K.L.:
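Sharing a structure below in C-alpha cells format, with a few things to ask.
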2 protein chains.
Amino acid sequence: MTENSAINRTKIKRRSANRRATEATILAAAESVFAEAGFGGATMQLIADMAGLPKANLHYYFATKEALYRAVVQRIFQIWLEAADAMDGAPGPTEGIGAYIDAKMEISRRHPNGSKVWASEVMHGAPVIQDYLETTLRDWTAGRVAVINRWIAEGKMAPVNPDHLLYILWASTQHYADFGHQIETLNGGPLTEADWETAKASVKEVVLRGIGAI
Amino acid sequence: MTENSAINRTKIKRRSANRRATEATILAAAESVFAEAGFGGATMQLIADMAGLPKANLHYYFATKEALYRAVVQRIFQIWLEAADAMDGAPGPTEGIGAYIDAKMEISRRHPNGSKVWASEVMHGAPVIQDYLETTLRDWTAGRVAVINRWIAEGKMAPVNPDHLLYILWASTQHYADFGHQIETLNGGPLTEADWETAKASVKEVVLRGIGAI
DNA sequence: CCTGAACCTGACCATACGGTCAGAAAAAGA
DNA sequence: TCTTTTTCTGACCGTATGGTCAGGTTCAGG
C-alpha cells in the first residue's frame, strides 16, 4: 500500500477530478431546476435531463433529492458569506458598505438561481439550513453590527439601527435576483450593462446618503 | 320568475354568503399551505385538512389546483395594489413615500403568507400573473415614476433613479415578510410591537434621508 | 491479461398525487 | 309533501414521482 506514490496520487486525482466534475454538472442543473420550480416542483428526472445523465446516476452521486438540495443550498451559502469579506478592513461605511453592496449586486447578477434557491429555502422556514442561520449567519451578523456601531460611535455615519440597515442591504441587493423577472418585465427586457451600473449606483447612493455617509 | 322579490333575494344572498364563506376558508388555507410549501410542494389534501373539508369538496369550489392557486395570487395582488393609494395625493416625498413604506410594512406584518406566495410566483417567472405584471403593475409603476420625477423637478428630493427607488422600497418592505423567518432567527424570536416600530422607522429614515427628503 | 473496485444505467416498484364520479344529504321551490 | 337544484363526500383511477437494484461497463493496479 504505497498510497503516497506519485502514480497513485495522479490516478486518484484524475478519478476524483472526474467525480467532482460530474457532481458539479449535477449541482448546476439542480440549482437551475430548484430555482425555477422550487423544491416541491423540481423532479429528479428534470434535473437528470438538464444534466444529460440518466436519473439513476443522480442517485449514485446524491442518495436522495433532499441530499442534492442540501448540497445546492450549502454551496450558495458559501458564496453568500464570501461577499461578507468585502465589508472587512474598510476604514468607514462609504468604502465598507459600498463594497458590500457592489459584491452582493454582483452575486445577484452572476448567481440569480442560487439567490432564488436561498430565498425559497428561507421563505419556507429554512428546513435545511436552520442551523446555519443560528450559528454562522448569527455570528457574522453580530460582527457586522459591531462594526457599524463603531462607525456610528466614531461619527462616520448616522445612528441607524444596524440590524435593520443590514436587512435593507440584503433586501435591496437580492431583490435584483429574486425578483429579476418582475424587474425585467417592467424594464422591457433584461438589464443591460449600463442598467446594472445604474442599479448599483442607485442602491449605493440611496443607502449611503441614507446613513449619512455622503 | 319574480327574481327581485325580497324573499328570493334574501335566499340567494344567504346561499352565496355561505358560498363565499367556504371559498374564503379554502383560500385562507390555500394561502397558508402555498406559502409554506410552494406550489409544487403544496397538496390538495393538505389544504383540505387545514380547511377542515374533504378534498373532493375543494374541487367542487375550485376545479383544479392551479385555479385555486390563481385565486390566491389574484387576491394578494389586490391587497398589494391597495397600498399604492397611500402614495397618492401626497404633497411631497416625505409624506407620500413615508406613507407607502408604512402601508407596505403593514402588509408584510399582516399578510406574510400572501407576500410569500407573491414572491414565490414572481421568482418562478410569474407563470400565472405575467399579464398583470405587463398591464396593471406596469401602468401603476409608470404613474409613480412620473410622480417621483415631478418631485425631483420641484426640488423636493434628490434626482434618484425612480425605478430603482421603487425596487428599494418594494425590497426593503417585503423582506420583512418573505425573509421573516431569517429575521426572527437573528432576532431570537418574533418581532414585538416595538421591533416593528423600529423597523418601520429605520426603513423610513434611511430611505427618506437617502433620497434627500429629510 | 486478470481482478476488483468504482462507476453507470435500464427496468422496475411502491406510493402519493391531482382529479373524477356516483350518489347521498341538504336546501329551495312549488 | 313532492320535485328540483345545490352542496357535499367516500371511494376510486391513471399517472408521475422518488427511489431501488441487478447487472453491465470502465479503469486503476498487479
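Everything quoted here is computed from the prediction, not taken from an experiment.
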K.L.:
D/dT7 phosphate, OP1 or OP2: any side-chain N/O from B/Tyr61 under 4.0 angstrom?
P.N.:
no
K.L.:
Calculate the interatomic distance between A/Met44 atom CE and C/dA14 atom P; express it in whole Å.
P.N.:
20 Å
K.L.:
For B/Phe62 and C/dG18, what is the distance between atoms CZ and P respectively, to the nearest whole Å?
P.N.:
16 Å
K.L.:
Looking at the side chain of B/His59, which of D/dC8, D/dG19, C/dG19 is the nearest nucleotide?
P.N.:
C/dG19
K.L.:
Using side-chain heavy atoms (C-beta onward) and a distance below 4.5 Å, is B/Glu106 in contact with B/His111?
P.N.:
no
K.L.:
Could you check whether A/Trp118 and A/Trp170 have their ring centres less than 6.0 Å apart?
P.N.:
no
K.L.:
Mind checking if A/Ala48 touches a base, just sugar-phosphate, or nothing, with heavy atoms under 4.0 Å?
P.N.:
nothing
K.L.:
Using atom CG of A/Leu53 as one end and atom C1' of C/dG10 as the other, report the distance to the nearest whole Å.
P.N.:
15 Å
K.L.:
Select from A/Leu58 and B/Phe39 the residue whose nearest nucleotide in DNA chain C is closer to the 5' end of that strand.
P.N.:
A/Leu58
K.L.:
Return the value, rounded to whole Å, for the distance between atom CD of A/Gln45 and atom C1' of C/dG10.
P.N.:
12 Å
K.L.:
Give a yes/no on whether any side-chain N or O of B/Arg19 is located under 4.0 angstrom from OP1 or OP2 of D/dT7.
P.N.:
yes
K.L.:
OP1 or OP2 of D/dC8 sitting under 4.0 Å from any side-chain N/O of B/Tyr60?
P.N.:
no
K.L.:
Evaluate the ring planes of A/Phe179 and A/His175, with Trp represented by its six-membered ring, and classify them as parallel (under 30°), tilted (30 to 60°) or perpendicular (over 60°).
P.N.:
parallel
K.L.:
Go through C/dG19, C/dT9, D/dG10 for me and flag the one nearest to the B/Ala56 side chain.
P.N.:
D/dG10
K.L.:
So B/Ala42, base contact, sugar-phosphate only, or nothing? Heavy-atom distance under 4.0 Å.
P.N.:
sugar-phosphate
K.L.:
Specify the separation, in whole Å, of atom NZ of A/Lys55 and atom P of D/dT20.
P.N.:
11 Å
K.L.:
May I have the distance from A/Lys65 (atom NZ) to C/dT15 (atom P), rounded to whole angstrom?
P.N.:
19 Å
K.L.:
In whole angstrom, what separates B/Leu46's CG from C/dG18's C1'?
P.N.:
14 Å
K.L.:
Look at A/Asp49 together with A/Lys55 and state whether they make a salt bridge at an N to O cut-off of under 4.0 Å.
P.N.:
no
K.L.:
Is it the case that B/Gln182 and A/Tyr167 place a side-chain donor and acceptor less than 3.5 Å from each other?
P.N.:
no
K.L.:
Just checking B/Thr22: base, sugar-phosphate only, or nothing, at a heavy-atom cut-off of under 4.0 Å?
P.N.:
nothing
K.L.:
To the nearest Å, give me how far apart CG (A/Leu68) and P (D/dT17) are.
P.N.:
16 Å
